[in-house]
Chemist: 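Handing you this structure, nothing more for now.
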Amino acid sequence: METTAKRKFNVREIREDFPALRQLIYGKSLIYFDNGATSQKPQFVLDAINKYYSKDNANIHRGVHLLSQRATTEYEDARKTIAQYINAKTSDEVIFTKGTTDAINLVAFSFGELLTAGDEIVISAMEHHSNIVPWQMLCERKGLTLRVIPINKHGEIIQEEYEKILSKKTKLVAITQISNTLGTINPVKEMIAKAHAVGAKFLVDGAQSIQHMQIDVRDLDCDFFVFSGHKVFGPTGIGVLYGKEALLDKMPPYQGGGDMIQKVTFDRTTYNELPYKFEAGTPHIAGAICLGKAFEYLNQFDLEAIKAYENELLDYAQDLLLTFEDMILVGDSKKKTSVVSFNVEGVHPFDMGTLLDKQGIAVRTGHHCTQPLMDFFKIPGTVRASFAFYNTKEEIDVFIAAVERSINMLK
Ligand SMILES: *Cc1c(COP(=O)(O)O)cnc(C)c1O
């Protein structure tokens, strides 16, 4: 999909690209508002999965035969596409992982090996469990301290508290660029500069930002950037760890096995260079190739137009939701992406989600893998509607009517 001129943003046409959107759920047109959990896949990506397994399937970096060469080229081309998309300095800085969780665990283990007792890791109160638990495990293993930056009632990181927490002891700050539960866009670029000023490294959890905004890892100057393929219109089971080359070079391998070695003897094994040092075993070849295709698909569009459209959806939905009595929006930061978390007083989020499903509307309910954040707001969970660029205002109208019907049934 080589395009120079950007494709004009037309939501009707975009919807045609996503076959999963064309189905009935309990006899009603599917309204898919669970994009924060995972995105639907365009036909372009689905075709690539089919093509890979029907034509090119072979193991990579091994065979002399043509199929293996084709698979290897496509796999490495995908790495280049992704490196360019996020503006990495070289494609050696792009490591394929199983996803965000796997990438964070890789950093926690491997970068963690460079740390010693007394060092500190800093996260925020709005992190996803996958950006909390690996650090807790590391702290336990190495005798480090985990520090948590508090948030305010709007769901924003309190920057003064962040500055107070930072010190010479801080070795790594790991923060989500966009909260999956609240939609808050965190000012990570400024936060990265502050971390670097005390000599700390910075990991950006980009699981929710890669699909909503242009990512430029060199402009951000982050040390690590991680994301999952399935939230950016690609397959499940594949994701990316971006890391600065010099830093990745210093880090020991995470897992041992095939492909990550240079020479193996029973006395001593030497490791392969980047990026292979961190890709032990047969990787998710089809996943990586098709994640590259997802970025080729996205590359057709002007991301600013997508962002503007998604902001319109957000404002439209929030304004309509706020017309309901007893409606509580959870997270009302001035800087938000197209995620609305809400509760209606006297209605359990699970009951609301169940009734919405029966009306063909897919939302997420519960704690969204952010239990400490729920504790902060003193709620068991929320109903979350998260929009992608293939959603429409007409769908939001149907959703609002369904919310009204649900409230009337439940109260
Ligand atoms: C989804 C998500 C994760 C975890 O991603 P996986 O694909 O489950 O590994 C981490 N952080 C944020 C902000 C997320 O939204």
Side-chain angles (χ1 to χ4, degrees), residues 32-41 82 95-109 121 123-137 148-149 151 155-157 172-188 191 202-213 215 220 222 224-242 254 283-284 287-288 290-291 294 310 330-331 333 335-341 362-374 376 381-382 384-388:
Y32 187 77
F33 284 174
D34 196 16
N35 296 285
T38 200
S39 60
Q40 298 303 340
K41 321 303 172 200
I82 295 164
I95 314 289
F96 285 119
T97 66
K98 286 191 285 184
T100 305
T101 305
D102 190 37
I104 294 174
N105 276 280
L106 189 165
V107 175
F109 177 86
I121 307 281
I123 60 173
S124 85
M126 69 172 81
E127 298 310 314
H128 189 282
H129 293 163
S130 70
N131 198 29
I132 301 174
V133 184
W135 306 119
Q136 289 175 324
M137 290 162 68
V148 183
I149 319 165
I151 59 171
E156 299 164 326
I157 291 175
L172 183 80
V173 182
I175 301 288
T176 193
Q177 189 164 17
I178 292 180
S179 159
N180 60 308
T181 305
L182 310 172
T184 310
I185 304 174
N186 290 317
V188 288
M191 293 179 76
F202 202 105
L203 178 144
V204 177
D205 175 349
Q208 294 291 336
S209 56
I210 188 86
Q211 65 280 53
H212 291 297
M213 53 173 70
I215 299 301
L220 285 175
C222 54
F224 302 107
F225 188 96
V226 298
F227 64 88
S228 300
H230 68 94
K231 291 183 181 174
V232 62
F233 315 110
T236 51
I238 188 78
V240 164
L241 162 65
Y242 156 85
Y254 173 45
H284 187 0
C290 297
L291 179 55
E310 289 179 343
V330 183
S333 168
K335 290 201 143 182
K336 267 190 72 169
T337 190
S338 49
V339 172
V340 204
S341 257
V363 294
R364 175 94 184 260
T365 65
H367 54 62
H368 316 294
C369 297
T370 52
Q371 280 177 1
L373 185 58
M374 297 295 100
F376 171 80
T382 73
R384 181 188 69 182
S386 49
F387 311 119

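Values reported hereafter were calculated over all heavy atoms of this structure, with side chains retained and with hydrogens, waters and symmetry mates removed. Ligands are counted one by one from 1 in listed order, and the atoms in each one are counted from 1 as well.
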Chemist: Would you tell me whether Ser333 and Thr184 have side-chain atoms, one donor and one acceptor, within less than 3.5 Å of each other?
Modeler: no
Chemist: Which residue and atom name correspond to the protein heavy atom nearest atom 10 (C) of ligand 1, and how close is it?
Modeler: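 Scanning the protein heavy atoms, the shortest distance from atom 10 (C) of ligand 1 goes to Ser130 OG, 3.1 Å.
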Chemist: For atom 8 (O) of ligand 1, what's the nearest protein heavy-atom neighbour? Residue, atom name and distance, please.
Modeler: Thr101 OG1, 3.6 Å
Chemist: Thr100 heavy atoms, cut-off 4.0 Å: which ligand 1 atoms fall inside?
Modeler: 4 (C), 5 (O), 9 (O), 10 (C)
Chemist: Purely on distance, is any nitrogen or oxygen of Ser228 under 3.5 Å from one on ligand 1?
Modeler: yes
Chemist: Does the Ser228 side chain pair with the main chain of Thr100, one donor and one acceptor, at a distance under 3.5 Å?
Modeler: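 Checking the backbone N and O of Thr100 against the side chain of Ser228, a donor-acceptor pair under 3.5 Å is found.
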Chemist: Taking the six-membered ring for Trp, are Phe387 and Phe33 ring centroids under 6.0 Å apart?
Modeler: yes
Chemist: Step by step, work out the side chain to side chain donor-acceptor pair (under 3.5 Å) result for His128 and Ser130.
Modeler: CA-CA 5 Å; His128 189 282; Ser130 70; 3.1 Å; yes
Chemist: Please confirm whether Asp205 approaches ligand 1 to less than 4.0 Å, judged on its heavy atoms.
Modeler: yes
Chemist: Nearest non-hydrogen atom to atom 2 (C) of ligand 1 belongs to which of Lys98, Lys231, Gln208?
Modeler: Lys231
Chemist: So, the side chain of His368 versus the backbone of Gly366: is there a donor-acceptor pair under 3.5 Å, distance only?
Modeler: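 The answer is yes, because a donor-acceptor pair under 3.5 Å joins these two groups.
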Chemist: So does Gly36 get a backbone contact from the side chain of Gln208, meaning a donor-acceptor N/O pair under 3.5 Å?
Modeler: yes
Chemist: Measure from atom 13 (C) of ligand 1 to every heavy atom in Ile132, Thr176, Thr236, Thr181 and give the option owning the shortest one.
Modeler: Thr176
